[in-house]
There are 2 protein chains.
Amino acid sequence: MRPEDKPDGQKRSFVEEARRAQIIESAIGTLAELGYTGTSLARVAERVGISKGVISYHFAGKAELMEQIVERVYRDIAQFVLSRLEKEATATGALRETIRSVAEYMRDHRTQLLALGEVVTNLRTTPDGALRYGIAFNEPIYDAREALFRRGQQAGEFRPFDARVMSVTVQAALDDMFAYWVTHPGHDLEAHAEELADLFEHATRSEDPGATANR
Amino acid sequence: MRPEDKPDGQKRSFVEEARRAQIIESAIGTLAELGYTGTSLARVAERVGISKGVISYHFAGKAELMEQIVERVYRDIAQFVLSRLEKEATATGALRETIRSVAEYMRDHRTQLLALGEVVTNLRTTPDGALRYGIAFNEPIYDAREALFRRGQQAGEFRPFDARVMSVTVQAALDDMFAYWVTHPGHDLEAHAEELADLFEHATRSEDPGATANR
DNA sequence: TTGTCTTCTGGCCGCACGGCCAGAATCTAG
DNA sequence: CTAGATTCTGGCCGTGCGGCCAGAAGACAA
């Protein structure tokens, strides 16, 4: 019996889990180098040094492999950033720390994030051609950040603005900071992040400097 | 002799140009609906109601067809936005008008911009797997907007900030405004654009309100 | 050592793709 | 009307893909 046919989830052997991780990492590397179109099961297998059939043995198909990549990378970055935010009391500080921590994660996980981008913008599972993830994929991020902005507005730290638009824009700024850094290897990622933090501090802060308490 | 073998460019017959345009439009529609992977020459031909070979007759290959799409859409939007900017005297006004005009273009050219995005993020012509366009594609936009920001800074309208980061971020905000609108059909694009204009006005304006003249 | 369960190999299958071409159809100039 | 140029058809070709499987190889408990 092939293990990927199991109902869902529990009790995978250690060896099996190791193989799955190995294949996932190979797929991540291939995605980052050759893009989604260039990532065939044959190439992923070759990079590990195994036969192509092993992937079919451990994963239900190419789609499941891709989804595992998204799940793993997404969970990882979310955990990293959220753990950093716990220490921040003010909304202003949390916003700046969001940008800093994301930049730091990008610096140390370039390959994973490139792969994530490839899958999110290309994987289609339904026959109608709709993207499996797409932008809607960011919705949980938008929601969380929106809540942060509202808190800052109620505390008087932030001026009144559309929290949803601000959330979307922050995410866009972070995504393109990454994309720009990837294509400009000499670019100073840290400085870019600080510049972004300043940018959004100016964009969000209350017009009246004295109104720090709740009005 | 096949017309696509001509040295480059001039004297294409009217009929031929019409066919090329027809095929390009079909490709744009297909890209917008089914994405890059789903856009085969067969499907593009089917949508026009012609044989697949006609595309090979009028274009050197799939890559040339895709490049023609980019060239056409890119030139169109650039012309639209630049014509709007001519009327603006101040850097602040030009920034706001940039955002407004791009949003208006998006509203009226949804399909074209979807297709442009598909090609830019997927077309690879070199065997090493590098993207044909990628983010570097935005470089002329960055340069022009950077010049605008510097002018505003010298005029005292804008605070000191990194003009390159601000340029990249404005473009990111516009791109994601489009992406968000595409996935949320009920979203108010115009309101989003105004919100963005406010956002960047706060982000860029000089700290000292009195310093409107050159210092 | 033997038997069973897990894991892997190597290769085959059908499919969709982009490219290509021989010849048919259509248009146009003389 | 005729001859040549332009445009199109329909189908064939090689390639690479994801999926699949029969049987070999390895791990391990009895």
Side-chain angles (χ1 to χ4, degrees), chain A residues 1-6 11-24 26-27 30-31 34-69 118-119 122-127 129 132, chain B residues 1-6 11-24 26-27 30-31 34-69 118-119 122-127 129 132:
Chain A
M1 180 185 180
R2 294 166 334 201
E4 79 271 16
D5 292 338
K6 282 173 188 166
K11 50 182 175 185
R12 282 203 184 91
S13 77
F14 171 76
V15 175
E16 187 187 335
E17 208 56 74
R19 254 289 183 261
R20 283 174 64 97
Q22 201 180 12
I23 292 168
I24 287 175
S26 167
T30 309
L31 281 166
L34 305 175
Y36 189 82
T37 309
T39 301
S40 63
L41 296 186
R43 247 191 276 262
V44 173
E46 184 192 28
R47 180 182 269 247
V48 187
I50 56 176
S51 172
K52 201 180 54 162
V54 182
I55 300 180
S56 296
Y57 178 70
H58 286 287
F59 295 89
K62 188 181 183 181
E64 196 218 330
L65 172 57
M66 296 292 127
E67 286 170 357
Q68 290 298 320
I69 291 173
E118 287 294 328
V119 177
N122 285 290
L123 180 62
R124 298 161 196 264
T125 50
T126 48
R132 171 72 174 81
Chain B
M1 181 184 179
R2 294 167 334 205
E4 78 271 16
D5 292 339
K6 283 173 188 167
K11 50 181 175 186
R12 281 204 184 90
S13 79
F14 172 76
V15 175
E16 186 189 335
E17 208 56 73
R19 254 289 184 262
R20 282 174 64 97
Q22 201 179 12
I23 292 168
I24 287 174
S26 166
T30 310
L31 281 166
L34 305 176
Y36 189 83
T37 309
T39 300
S40 63
L41 296 186
R43 247 191 276 263
V44 173
E46 184 191 29
R47 180 183 269 246
V48 187
I50 57 177
S51 172
K52 199 180 53 161
V54 183
I55 299 179
S56 297
Y57 178 72
H58 287 286
F59 296 87
K62 188 181 184 182
E64 197 218 329
L65 172 58
M66 296 292 129
E67 286 171 356
Q68 290 297 321
I69 291 173
E118 288 292 329
V119 177
N122 284 290
L123 180 61
R124 298 162 196 263
T125 49
T126 49
R132 170 74 173 81

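What you see below is based on every heavy atom in this structure, not just the backbone, and it leaves out hydrogens, waters and symmetry mates. This structure is a prediction, so every number in the text was calculated from the model and none was measured. Residue numbers begin at 1 in each chain, while the letters A, B, ... track the order of the sequences.
- Remark: B:Ser40 is in phosphate contact with C:dC17, judged by side-chain N or O atoms under 4.0 Å from OP1 or OP2.
- For B:Arg124, the salt bridge (charged side-chain N to carboxylate O under 4.0 Å, His left out) criterion is met by A:Glu118, not counting sequence neighbours.
- Between A:Arg19 and A:Tyr57, every side-chain heavy-atom pair lies at or beyond the 4.5 Å cut-off.
- Counting only distance, with no hydrogens or angles, the side chain of B:Thr125 and the backbone of B:Arg132 share no donor-acceptor pair below 3.5 Å.
- Taking the ring axis of A:Phe59 as reference, the NZ or CZ atom of A:Lys52 does not stay both within 45° of it and closer than 6.0 Å to the ring centre.
- Following rounding to the nearest Å, B:Glu17 (CD) and D:dT7 (C1') show an atom-to-atom distance of 15 Å.
- D:dC17 atom C1' lies 13 Å from atom CE of A:Met66, rounded to whole Å.
- Residue B:Lys62 forms a side-chain contact (heavy atoms from CB on, under 4.5 Å) with just one option from B:Leu41, B:Leu123, B:Ile55, B:Val44, and that option is B:Leu41.
- For the pair A:Leu41 CG and D:dC20 P, the interatomic distance rounds to 11 Å; values are reported in whole Å.
- With rounding to whole Å, B:Glu64 atom CD is found 14 Å from C:dG19 atom C1'.
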### Query
Step by step, would you call A:Glu64 with A:Arg20 a salt bridge (charged side-chain N to carboxylate O under 4.0 Å, His left out)?
CA-CA 11 Å; A:Glu64 196 218 330; A:Arg20 283 174 64 97; 3.3 Å; yes

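- Sequence neighbours left out, not one pair with a member in residues 37-46 of chain A passes side-chain hydrogen bond (donor to acceptor under 3.5 Å, both in side chains).
- Heavy atoms of A:Thr37 sit nowhere under 4.0 angstrom from any nucleic acid atom.
- Rounded to whole Å, the distance from CD1 on B:Ile23 to C1' on D:dC8 is 11 Å.
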Check the interface with nucleotides 9-12 of chain D: list each N/O to N/O pair with the protein under 3.5 Å, or write none.
unit_1, atom_1, unit_2, atom_2, d
D:dT9, OP2, B:Ser51, N, 2.7
D:dG10, N7, B:Ser51, OG, 2.9

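- Between the CG atom of B:Leu123 and the P atom of C:dG18 there is a distance of 12 Å, rounded to whole Å.
- Distance from the side chain of A:Arg43 is smallest for D:dC17 among the nucleotides D:dG19, D:dC17, C:dG19.
- Here C:dG19 presents its P atom at 16 Å from NE2 of B:His58, a figure rounded to the nearest Å.
- Residue A:Arg20 contributes atom CZ, which lies 12 Å from atom P of C:dT7 at whole-angstrom precision.
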